[in-house]
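Chain letters run A, B, ... following the sequence lines, proteins first, then strands; residues in each count from 1.
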Protein chains: 2
Amino acid sequence: MGTKLTIDDIAEALGVSKTTVSRAISGKGRIGRETRGRVQEYIQAHNYKPNVIAKGLAQQRTYNIVVAWPGDPGIVELPFFQNCLIGMSQAAEDAGYDILVSVADSKDISKLQRIVENHKVDGAVLTRTLVRDPLAAYLKESGLPFVAIGSTEDPEVLQIDNDHYAACRELTSVLLAKGIRKLALIGGEDNLVITQTRRSGFLAAFEDAKIQPDRSLIFTGTDGQAEVTDMVDEILEKKADGVICMDDFFAGNVMEVCKSRKIRIPEDLKLASFYDSSVLDYASPAVTSLNFNDRRLGAAAIRMLLDKIEGKEVKNIRLKTYEVMLRESTK
Amino acid sequence: MGTKLTIDDIAEALGVSKTTVSRAISGKGRIGRETRGRVQEYIQAHNYKPNVIAKGLAQQRTYNIVVAWPGDPGIVELPFFQNCLIGMSQAAEDAGYDILVSVADSKDISKLQRIVENHKVDGAVLTRTLVRDPLAAYLKESGLPFVAIGSTEDPEVLQIDNDHYAACRELTSVLLAKGIRKLALIGGEDNLVITQTRRSGFLAAFEDAKIQPDRSLIFTGTDGQAEVTDMVDEILEKKADGVICMDDFFAGNVMEVCKSRKIRIPEDLKLASFYDSSVLDYASPAVTSLNFNDRRLGAAAIRMLLDKIEGKEVKNIRLKTYEVMLRESTK
DNA sequence: TTGTATGCGTTATCAT
DNA sequence: ATGATAACGCATACAA
C-alpha cells in the first residue's frame, strides 16, 4: 500500500549502492547493462516512484509551474482561462511537471510573491498582462523564468499570444468589404495590452481599405453596462451601421441595449465580437466573432517556459490559428 | 535579490545554532524570550523565507493540495469550477498551502495517480463526483486525505456540497405554488450523483404539495441537443405547462427548440433551471434559476480537507446558502 | 562500472 | 534554554 519504497530499499534489496540505483533510474553516468536491467525490473515490479520533493531538494528544483490567474469577477467567467488551463495541464504533464495556480487581482503581487519566495516553483506563466504589469516586473526582478500570455511592451519579457492584431484586422476587413463602413469599436480596459493591439488591428483594416475611420466612434477604457448604454446611444445618433466589440460581454450588453431601444440586429445595426465564447451561445441573433484555439495557446506557453527553464534559447511566439466566424448578426 | 538566505546563515550571523533559529521560527520547543526576539528581528530585516521544499522533506509534507478538475468539453465552461477555484485558492493561501490542479476526464485515474505517487501533495479535492467514482476509489485506497465536492454514496468518503436536494425541492415548490402543475424535468447524466439528488428534490416538492407527478415527464440520462429536441416535442404533446432543467445548457437548448417551434416562454411554457450561470446571461427571457455561492463552497472544501490532514475530526457538510432567482421565464 | 561521502535546508532527537 | 547530530530521499563529485 503506502508505497514508502525508497532508493535505499532498492539498493539493499539488490545488494548494490544507492548511487547505482540512482544512475539506473536517471540514465546519467556510466552503468552496466545488466545491473541497470535488474534495477529497472525491480522498480517496475515493486512500482517504485521517486520522491519528487527529495529529488527537488537535491537539485534545487520543484517540477512545478505557477500559473497566475486573474481573480477579477467577470473576467473570471470567460472560458478562455479554463480552456487555456487544459492545454497547459497537458503540456506540463507530458514533461513531468505540475501546475500550481495563483489566483489574484492582476495588481496584487503578494500571492505570487509568496509562492516564488517559498521556492515552490521553477517558473511562472502570466495569463493576462497589463500595460505596465506589476507581476511581470516582480518576476523579472526575481530572476525566475516566466512567460507572459498576451503581449507586453517590454522586449525582455518572453511572450506568447494569438495574433490578435492580424485577427482583428481581418475581421474588420471582412466587415468593411461587406459595405459596413461607419464601424464603431467598443473596447476594454485601456491598461490592457490587448485593448491597444485590437484597436491597432481595427485601424489597420481601415488603412488597408483606404477608408477614413471615424475616431469618435472608438470607445475604449470602458467597463460596465451603464457606459455601454450611453455609447450605443451615441453610436446610433452618429448613424453608425456597425459595431465591433472587444469581447462577448460587451456584445451582450450592446444587444440588450438595442433590444430596449427597438434597434434590430442585423437590419438596423451589424454586430461583431473580437472573441468567441459560450457567453453568447444562446444569444439571438448569433454573433459574428473571432475564434481562437485557447488550449493550444496554453500548451505552447508551457512548452516555451520549460525550454526557458532548461536553458534553451527561446523566442516570442505569435500563433496564427484563428478564424472568422460569420454569423447572423452581420448578414 | 536571490534570497538564498538559509537557516544556517542566520545561525552563524547571530552566533547561535540552527536548532535555536528553527525554534524561534516555529515557536516549537522552549526558547529564551530574548533570543527569540533577535532571530525574529533578523529574519524580518533580511526578508528570510524558509524553503518549503526542505521543510517538506523533513516533515514529510508538501503544503500542496491537488484539485481534480473535469476536463470534459462543455462542462468545462461552466463558471462553477472557476468560482470554486477562487474560494479554494483563498482558503489555501490563508493556511500556507498552494493549489495544484489536475485536469482530466473523471474516469481517468492516471493523472491524479502520478501526482499522488510522486508525493507532490498532502491531500486532494474532487470537484465532481460520479456515482461510482474511480478517483474516489483510488484515493481511498491510497490513504491520502481527500474530500469530494458533491455527494457520494460511500459514507466513508468525506463530502461537502450545496444542499441541492433542499434547493431543488424549494424551486420546484415555488413553481407548483404558482399553479404550474404539469412540470417536466430534463436532466443530466445518470451516473452523476447530483442528477439523482436533484430528481429527489423535485419529487419531494410534489409530495409536499400532495400532487402526483407525471413520471413520464422526467427525462434524465440525456446529453445533447438532438435528444432535447425530441423531449421538448414530447413535453408539448403531453401538454406540460412548465419545464425545469438541471443546468443552464439544457435550458438554453430548450429555449432554442421552443423558438423554432414558435412556442412562447413564459406564455405557452414556463422554464426554470437548477443552476444559475452566466451562460444564460443574455438569454431572453431571463431564466428563473437557483443561485449558489460557489466560492464559499470551494473555501469550505479546502478548510475541511486541511482539518482532515491535521488529524482533526471532520464531518460532512451541506451548505444551505442558496436562493431562488425568480425571473421572467416563469412569470 | 560501481561505491563512498557529502550536500540540499529543514525538523526532530537527544544531550547538556 | 540551547546545541550537536541525525534524519528526510535523492543527486553527485570523487574514489576505487
Heavy-atom protein contacts under 4.0 Å, nucleotides 2-9 of chain C, coded B base, S sugar-phosphate only, - none: BBBB-BBB
Show the atom names and distances, to 0.1 Å, of all donor-acceptor pairs under 3.5 Å that link a side chain in residues 32-45 of chain B to residues at least two apart or in another chain.
residue, atom, partner, partner atom, Å
B/Arg38, NH2, B/Leu14, O, 2.7

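- B/Tyr138 meets the side chain to side chain donor-acceptor pair (under 3.5 Å) test with no other residue; sequence neighbours excluded.
- If one axis is set at each end of the helix from C/dT1-D/dA16 to C/dT16-D/dA1 from five pairs, those axes are 40° apart, to 10°.
- Within a 6.0 Å radius of CZ in A/Arg61, more than 12 heavy atoms belonging to other residues, nucleotides or ligands are found.
- Along DNA chain D, the stretch of nucleotides lying under 4.0 Å from any heavy atom of chain B spans, 5' to 3', D/dA1 to D/dG9.
- In this structure, B/Ile302 and B/Tyr97 have side chains that are not in contact, with every pair of non-hydrogen atoms separated by 4.5 Å or more.
- Remark: side-chain polar atoms of A/Ser17 are paired, donor with acceptor, to backbone N or O of A/Thr19 under 3.5 angstrom.
- Counting heavy atoms from C-beta outward, B/Ile25 and B/Pro50 have side chains that stay 4.5 Å or more apart.
- Listed by chain and number, the residues in a side chain to side chain donor-acceptor pair (under 3.5 Å) with B/Asp98 are A/Arg114, A/Lys120 (sequence neighbours excluded).
- At distances below 3.5 Å, at least one donor-acceptor pair connects side-chain atoms of B/Asp122 with backbone N or O atoms of B/Thr62.
- Looking at heavy atoms from C-beta onward, A/Gln159 lies out of side-chain contact with A/Met304 at the 4.5 angstrom threshold.
- No salt bridge links B/Asp163 with B/Arg318; every basic N to acidic carboxylate O contact stays at or beyond 4.0 Å.
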